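Just so it is clear, the structure is predicted and the values come from calculations on it, not from any experiment. Proteins come first, then strands; the chains are lettered A, B, ... in the order of their sequence lines, and each starts at number 1.
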Amino acid sequence: MGIPQGLTMLGLVDGNNFYVSCERIFDPTLRNAPTIVLSNNDGCAIARSNEAKALGIKMGQPLHEIPSNLRRNLHVRSANFALYGDISNRVATVLKDLFAQVEMYSIDESFIALDGIKEADWIPTCVEARQRILKWVGIPTCVGIGPTKTLAKLANKSAKTTPQGVLRATRGLVRRFPVEDVWGVGRKYAQRLKSEGVTTAQHLSEMDPTSLQSRYGVVLARTQKELRGIPCAELEVEEPQRQQIIVSRSFGKEITDINDLMQATSTFAQRACEKLRRRNLQAGGVWVFFHTNPFKDVPQYHPHKSLSFVIPTSDTRDILCMVEGLTKAMYRDAYAWKKAGVGLLDLTSETIAQGDLFAQASPRSTALMNVLDQCNEKFGRGAMSFASSAVAPDTKAKWEMRQSNLSQAFTTRWSGLLNVRL
DNA sequence: TCTGGGGTCCTAGGACCC
DNA sequence: TCTGGGGTCCTAGGACCC
């Protein structure tokens, strides 16, 4: 998997305003129009078209803080992760056709290895990749090229403002690049660095490494090395095994009743179990938390607790049992809850099972969970679930999240197919 | 009125062991 | 007044990412 030193050249392919671009594939009225996609619960802007950026809408800005005169002309969509995930896979398919090694780094970014391609062909090949992705999938992208991931990221960011959309990292680029935009430099570090006069990527790369490491930690020291062209992170073509799976949501409305809270944690636990089994993993422990509303001036409470299993399990019944116990133990009736979450911890592969001297694994458990998963895959999520998460027919849970501008599942559900009239 | 979700890695400090 | 040294493991919190 490793790339021989000296030959390494990496590209970073990144979807422009990715979620907005996904929405635009199926809704041409959004093209060239200011558009944003909101976080869950229709809370904040998490993707903005260039037109929306030009209006001054900030990343992470809450919808209710966007002035009403701007909102009149603004197209707003609720997050549709089923759609974005599917489009993301299509982009990766095109890349895997062109490049031997592709690391899907996030839903909208992939690193590619350019080794095996002549240096003169690096840029033309990346231009070809961009064109294919635009034509075949409908997503505009940019590509940054560099000897390390950090430099490829840097070039990618700079490529956004070029007509070609493909750019190779150069000394000049590093000299002008703002330190706060460097991959691995967040808000806190940027502030500290600037206070000592470090404002560009070039400045950061020239700091004394020993002093940098002792004051900022080994992570930023690696970033510095990468800026100097020394790779510290390899391409990860195989997806590393997950350590934890978390399902959490803010509620559309605050809830106070323990039954509503139980219903929520139970729903999240079942969803987490689905993800767990899809990856053929088992959980060694469970974690539950809930939150009062941090934006309200009321007494806050944020209880959280975890428990371990004697033997790891992927059986929803075992996990629900723990989650219900933890929820009951932490619930206090004096508070209104705004958010809850369930985590599965200490994940291990299903095939590596530590036996229990006093208990026997039940072969029927696996069979039952298979039926449950197959049923939900075939008939839609929640088709078959446990009573602890059930709501009365034709009603919604009190805590259901708001999604008032959700687009269809165009590519993943038959009922979501786009109708075209001639 | 309305304010996201899901991850990783590193470090410091405490508990505990011999 | 003086009060060891060295190790592991776990957890909480902080930083970062998209």
Side-chain angles (χ1 to χ4, degrees), chain A residues 12-19 36-48 57-68 71 76-81 84-85 88 103-111 149-150 153 156-157 179-193 213-223 226 232-233 236 239-254 268 271-272 275-276 279 284-285 287 289 291-297 302 304-306 308 338-347 401-405:
Chain A
L12 176 65
V13 187
D14 169 287
N16 301 343
N17 315 327
F18 185 66
Y19 299 161
I36 59 171
V37 171
L38 298 174
S39 59
N40 274 335
N41 235 359
D42 289 346
C44 311
I46 54 169
R48 305 157 295 154
I57 294 166
K58 300 275 175 272
M59 185 64 179
Q61 190 171 8
L63 178 63
H64 72 268
E65 282 179 10
I66 298 174
S68 52
R71 277 167 72 172
V76 177
R77 290 290 177 272
S78 302
N80 185 348
F81 291 111
Y84 313 150
S88 173
E103 171 187 343
M104 287 181 73
Y105 172 71
S106 74
I107 195 163
D108 68 332
E109 288 170 79
S110 289
F111 286 103
K149 285 184 168 179
T150 304
K153 286 280 280 192
N156 175 279
K157 188 134 191 168
V179 75
E180 67 268 25
D181 291 342
V182 172
W183 193 39
V185 177
R187 256 211 342 258
K188 290 275 166 71
Y189 286 171
Q191 222 174 8
R192 263 177 77 188
L193 287 166
Q213 174 156 348
S214 67
R215 292 182 300 128
Y216 288 85
V218 66
V219 180
L220 196 62
R222 276 182 212 144
T223 296
E226 289 230 326
C232 297
E236 287 177 43
E239 196 190 349
Q241 196 196 283
R242 287 285 193 86
Q243 299 176 21
Q244 51 183 36
I245 290 172
I246 294 172
V247 176
S248 75
R249 292 283 180 279
S250 292
F251 303 142
K253 287 192 202 111
E254 289 170 14
F268 302 163
R271 181 81 193 96
K275 294 185 178 187
L276 181 76
R279 293 170 178 273
W287 178 61
F289 73 88
H291 258 287
T292 46
N293 188 343
F295 296 100
K296 272 197 176 166
D297 188 20
H302 176 190
H304 59 105
K305 261 201 173 85
S306 58
S308 296
K338 180 60 180 167
K339 180 176 180 174
V342 172
L344 302 178
L345 314 171
D346 304 327
L347 305 185
M401 67 178 172
R402 280 185 305 273
Q403 286 183 306
S404 24
N405 300 290

Practice problem: Examine dG6(B): is either OP1 or OP2 under 4.0 Å from a nitrogen or oxygen in the side chain of S248(A)? Give yes or no. | Solution: yes
Quiz item: Among the nucleotides dG5(B), dG7(B), dC18(C), which one has an atom lying closest to any side-chain atom of E109(A)?
Solution: dC18(C)
Quiz item: Can you check whether K153(A) reaches E109(A) side chain to side chain, under 4.5 Å on heavy atoms?
Solution: yes
Practice problem: In whole angstrom, give the distance that lies between atom CH2 of W287(A) and atom P of dG7(B). | Solution: 11 Å
Quiz item: Hey, is the side chain of R187(A) poking within less than 4.0 Å of OP1 or OP2 on dC16(C), counting only N and O atoms?
Solution: no
Quiz item: Is R192(A) close enough and on-axis enough to Y216(A), meaning under 6.0 Å and within 45°, for cation-pi?
Solution: yes
Exercise. Between F295(A) and V219(A), name the one whose nearest nucleotide on DNA chain B is closer to the 5' end.
Key: F295(A)
Practice problem: Give K253(A) one of three labels, base, sugar-phosphate or nothing, depending on what nucleic acid heavy atoms sit under 4.0 Å from its own. | Solution: nothing
Self-check item: Closest listed nucleotide, where the reference is the side chain of R402(A) and the choices are dC18(C), dG4(B), dT3(B)
Solution: dT3(B)
Self-check item: Contact nearer the 5' end of DNA chain B, comparing K339(A) with E254(A)
Solution: E254(A)
Exercise. Could you measure between the two C1' atoms, the one in dC16(B) and the one in dG4(C), and give it in whole Å?
Key: 16 Å
Quiz item: Going through the checks in order, is the side chain to side chain contact (heavy atoms under 4.5 Å, CB included) test met by Q61(A) and I66(A)?
Solution: CA-CA 7 Å; Q61(A) 190 171 8; I66(A) 298 174; 3.9 Å; yes
Quiz item: Whole-Å distance between dA12(C) C1' and H302(A) NE2?
Solution: 12 Å
Quiz item: Hey, does R222(A) reach any base, or is it just sugar-phosphate, or nothing, if we go heavy atoms under 4.0 Å?
Solution: sugar-phosphate
Quiz item: Which part of the nucleic acid, if any, lies within reach of I246(A) when heavy atoms closer than 4.0 Å are counted: base, sugar-phosphate only, or nothing?
Solution: sugar-phosphate
Self-check item: Sugar-phosphate, base or nothing in reach of I245(A), heavy atoms under 4.0 Å
Solution: sugar-phosphate
Quiz item: What nucleotide, of dC16(C), dC2(B), dG4(B), holds the atom closest to the side chain of Y189(A)?
Solution: dC16(C)
Quiz item: Just to confirm, is there a sub-4.0 Å distance from OP1 or OP2 of dG5(B) to any side-chain nitrogen or oxygen of S250(A)?
Solution: yes
Quiz item: Does NZ or CZ of K149(A) fall inside the cone over F111(A)'s six-membered ring, less than 6.0 Å from its centre and within 45° of the axis?
Solution: yes
Practice problem: Just call it for K338(A): base, sugar-phosphate, or nothing, with non-hydrogen atoms closer than 4.0 Å on any strand. | Solution: sugar-phosphate
Quiz prompt | Pair W183(A) + Y189(A): ring centers closer than 6.0 Å | solution = no
Practice problem: Identify whether any heavy atom of D108(A) sits under 4.0 Å from a base atom; if not, whether one sits that close to sugar-phosphate; answer base, sugar-phosphate or nothing. | Solution: sugar-phosphate
Quiz prompt | Closest nucleotide among dG4(B), dT8(B), dC18(C) to the Q243(A) side chain | solution = dT8(B)
Quiz prompt | Proximity to the side chain of R249(A) - top-ranked nucleotide from dG6(B), dT3(B), dC10(B) | solution = dG6(B)
Quiz item: Does dC18(B) have a Watson-Crick or wobble partner in any strand here, with both distances under 3.5 angstrom, and which is it?
Solution: dG5(C)
Quiz item: Under 4.0 Å between a side-chain N or O of K153(A) and OP1 or OP2 of dC17(C)?
Solution: no
Quiz item: When the distance from OH of Y216(A) to C1' of dT11(B) is rounded to whole Å, what number comes out?
Solution: 17 Å
Exercise. Classify the nucleic acid contact of G186(A) as base, sugar-phosphate or nothing, counting any heavy atom under 4.0 Å across all strands shown.
Key: sugar-phosphate
Self-check item: Pair R279(A) + E239(A), salt bridge at N-O below 4.0 Å
Solution: yes
Practice problem: Output the single nucleotide from dC18(C), dT3(B), dC16(C) whose closest atom is nearest the side chain of Y105(A). | Solution: dC18(C)
Quiz prompt | S106(A), nearest nucleotide to its side chain (from dG5(B), dC18(C), dA15(C)) | solution = dC18(C)
